[in-house]
Amino acid sequence: MKNTPIIALLFATSVMANQPYNHNFFNQDFNQGVWSNFNQQFQQFNNEMRAMQNRNIFGAQTKRYFDEQSNRYMIEIAVQGLAKKDLDITSENGMIHIKGHVKKLEKMGNNTRSSSNQFAQTYSLPNDADANNIDAEFKDNSLFISIPKLTKITPAVKQIIIK
């Protein structure tokens with residue numbers, strides 16, 4: 001007699017374990033509420049991270065494209081708080097390096113406060129870029145870098161003739 005409730009409980013448990021669980025809370029409401037919210041938050045985070053990749057403390061925004069009219073690759077960087085003298089551009093080993101640095105000194109009575117901000121961006125040059133003739137211009141808080149496209153591409157691998 002004492003074993004009857006235990007046997008009934010075991011029987012009910014085994015029957016329920018072999019049937020699919022169809023409760024709407026876990027199958028629909030829970031998944032839609034929690035996971036769709038998670039997905040929305042992840043998408044928002046992903047979009048914000050993409051936006052931050054082209055921004056820095058100077059509020060710089062980068063735009064890269066190929067101008068078919070001039071047959072040149074273009075890099076435009078809109079920067080706030082930088083002047084032409086604060087920028088340095090170099091080209092080396094198929095890469096273009098852009099650096100900006102600003103140092104500020106503020107005098108307030110007997111105190112002097114200094115701050116320094118800098119940024120660096122590096123881009124791979126296309127295989128058909130003429131790295132020897134890159135031009136740069138700074139106007140209206142924007143840096144314009146113009147990279148001509150070679151008319152004749154030199155192969156990356158040079159065939160050596162055996163004598």
Side-chain angles (χ1 to χ4, degrees), residues 24-163:
N24 284 340
F25 175 76
F26 285 105
N27 289 338
Q28 293 174 355
D29 299 335
F30 183 75
N31 285 336
Q32 287 177 355
V34 172
W35 295 115
S36 66
N37 188 30
F38 174 78
N39 191 37
Q40 289 171 352
Q41 289 178 355
F42 179 78
Q43 291 299 326
Q44 181 181 357
F45 172 76
N46 196 24
N47 291 338
E48 288 173 7
M49 292 305 291
R50 282 189 191 147
M52 287 176 55
Q53 287 176 344
N54 288 332
R55 289 184 181 228
N56 56 41
I57 56 175
F58 296 104
Q61 291 184 315
T62 304
K63 183 172 146 183
R64 294 175 285 174
Y65 61 94
F66 181 74
D67 183 18
E68 292 191 28
Q69 281 186 315
S70 65
N71 202 35
R72 292 174 167 266
Y73 297 98
M74 304 297 293
I75 301 173
E76 293 180 18
I77 303 174
V79 292
Q80 299 297 321
L82 285 175
K84 179 180 170 180
K85 66 179 178 55
D86 301 323
L87 295 167
D88 181 42
I89 306 167
T90 58
S91 167
E92 177 184 23
N93 297 329
M95 304 290 281
I96 188 163
H97 307 279
I98 305 160
K99 297 177 185 172
H101 185 263
V102 175
K103 196 173 201 176
K104 293 181 183 179
L105 291 173
E106 293 181 46
K107 291 191 175 191
M108 304 170 97
N110 293 332
N111 297 327
T112 302
R113 182 169 53 179
S114 69
S115 64
S116 177
N117 291 324
Q118 59 187 356
F119 84 95
Q121 293 184 355
T122 301
Y123 302 99
S124 297
L125 291 172
N127 292 336
D128 58 352
D130 185 357
N132 296 321
N133 292 306
I134 297 174
D135 295 323
E137 181 181 3
F138 187 80
K139 67 178 183 181
D140 300 327
N141 291 320
S142 293
L143 176 64
F144 300 91
I145 301 171
S146 174
I147 307 160
K149 184 177 179 180
L150 291 171
T151 52
K152 183 180 178 185
I153 301 171
T154 55
V157 177
K158 183 178 177 183
Q159 182 69 37
I160 300 171
I161 300 171
I162 304 170
K163 296 181 186 178

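Keep in mind that this is a model prediction, so the values were computed, not measured.
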side-chain contact (heavy atoms from CB on, under 4.5 Å) between I96 and I134: does it pass, once the steps are laid out?
CA-CA 10 Å; I96 188 163; I134 297 174; 4.1 Å; yes

Quick one: do Y65 and I75 satisfy side-chain contact (heavy atoms from CB on, under 4.5 Å)? Show the steps, please.
CA-CA 7 Å; Y65 61 94; I75 301 173; over 6 Å; no

Quick check: do D86 and H101 have side-chain heavy atoms less than 4.5 Å from each other?
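Result no, sub-4.5 Å side-chain heavy-atom pair not found.
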
Report yes if some heavy atom in the side chain of I145 is under 4.5 Å from a heavy atom in the side chain of M74; otherwise report no.
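I145 vs M74: side chains apart.
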
Just to verify, what does E106 make a side-chain hydrogen bond (donor to acceptor under 3.5 Å, both in side chains) with, not counting sequence neighbours?
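R113.
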
With S146, which residues qualify under side-chain hydrogen bond (donor to acceptor under 3.5 Å, both in side chains), at least two apart?
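Partners of S146 by the side-chain hydrogen bond (donor to acceptor under 3.5 Å, both in side chains) criterion, ordered by chain and then number, come out as R72.
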
Distance check, rounded to the nearest 0.5 Å: [X] atom [atom1] versus [Y] atom [atom2]?
X    : Y    : atom1 : atom2 : value
F138 : L82  : CZ    : CG    : 6.5 Å
I98  : I89  : CD1   : CD1   : 6.0 Å
N110 : M108 : CG    : CE    : 12.0 Å

Smallest separation among heavy atoms of L143 and A136, with atom names
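That closest heavy-atom pairing would be CD1-CB, 4.4 Å.
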
Residue pairs fulfilling ring pair (Phe, Tyr, Trp, His ring centres under 6.0 Å) with at least one residue in residues 69-100, sequence neighbours excluded
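Checked against ring pair (Phe, Tyr, Trp, His ring centres under 6.0 Å) - neighbours excluded - the pairs reaching residues 69-100 are F66-Y73.
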
Would you sort out whether Y123 and M95 count as a side-chain contact (heavy atoms from CB on, under 4.5 Å), showing the intermediate values?
CA-CA 6 Å; Y123 302 99; M95 304 290 281; over 6 Å; no

Using atom types as modelled and distance alone, determine if a side-chain donor or acceptor of N133 lies under 3.5 Å from a backbone N or O of D130.
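Absent.
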
Could you go step by step and tell me if L125 and I147 meet the side-chain contact (heavy atoms from CB on, under 4.5 Å) rule?
CA-CA 9 Å; L125 291 172; I147 307 160; 3.6 Å; yes

Worked check of salt bridge (charged side-chain N to carboxylate O under 4.0 Å, His left out) between K99 and D88:
CA-CA 5 Å; K99 297 177 185 172; D88 181 42; 5.2 Å; no

Using distance alone, with no hydrogens and no angle criterion, decide if S142 and E76 have a side-chain donor and acceptor under 3.5 Å apart.
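S142 vs E76: no donor-acceptor pair found between side chains.
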
Give a yes or no on whether E68 atom CD has more than 12 heavy-atom contacts from other residues, nucleotides or ligands under 6.0 Å away.
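No, not enclosed.
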
